[in-house]
J.: 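The following block contains the structure, expressed as structure tokens.
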Amino acid sequence: MSSTTGLILSYALGIIFAIGGLAFLILLDERRLLFGVPYLIMGILLIGGVRASQRRKRTRHVEGGDADEPPPRTH
């Protein structure tokens with residue numbers, strides 16, 4: 001993810017899904033697992049995916065192979 005806005009929106013969506021899944025698990029009487037578990041899993045996957053993406057980007061940048069940066073000028 002290259003933009004800060006995209007990063008913030010991805011984290012926000014993940015948090016919304018995770019909190020919604022927890023709310024379904026806590027507040028629903030019937031079918032709590034049917035609604036709560038998938039939303040909770042989607043939220044955790046979104047948050048984990050964004051964190052992994054940021055970790056890969058940071059590692060690439062430290063190793064010097066960042067594809068987003070233009071090559072340095074030699075003139």
J.: Just how far is it from atom CE of Met42 to atom CD1 of Ile47, taken to the nearest 0.5 Å?
T.: 12.5 Å
J.: Mind checking whether Leu33 and Ile44 sit in one hydrophobic cluster, side chains of I, L, V, M, F, W, Y counted as touching below 4.5 Å?
T.: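 As far as the 4.5 Å side-chain criterion goes, Ile44 and Leu33 are connected within one cluster.
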J.: Quick check for you: to the nearest 0.5 Å, what is the distance between Leu40 atom CG and Ile19 atom CD1?
T.: 10.5 Å
J.: Taking side-chain contact (heavy atoms from CB on, under 4.5 Å) as the definition, give me every residue that meets it alongside Leu9, ordered by chain and number, with sequence neighbours left out.
T.: Thr5
J.: Count the heavy atoms of every other residue, nucleotide or ligand shown that sit under 6.0 Å from CZ of Arg51, and state whether that count exceeds 12.
T.: no
J.: Donor-acceptor check, side chain of Ser53 to backbone of Gly49, threshold 3.5 angstrom: yes or no?
T.: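 No, the answer is negative, given that no donor and acceptor are paired below the 3.5 Å cut-off.
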J.: Taking side-chain contact (heavy atoms from CB on, under 4.5 Å) as the definition, give me every residue that meets it alongside Phe35, ordered by chain and number, with sequence neighbours left out.
T.: Phe24, Leu28, Arg31
J.: For the hydrophobic clusters of this structure (ILVMFWY residues joined by side-chain heavy atoms under 4.5 Å, transitively), does one cluster hold both Leu13 and Leu7?
T.: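 No: no chain of side-chain contacts under 4.5 Å links Leu13 to Leu7.
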J.: Any chain of hydrophobic side-chain contacts (each under 4.5 Å) joining Ile16 to Leu27?
T.: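 No, because Ile16 and Leu27 fall into different hydrophobic clusters, even though each may have its own neighbours under 4.5 Å.
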J.: What pair of heavy atoms forms the shortest contact from Val50 to Ser10, and how long is it?
T.: CG2-CB, 3.4 Å
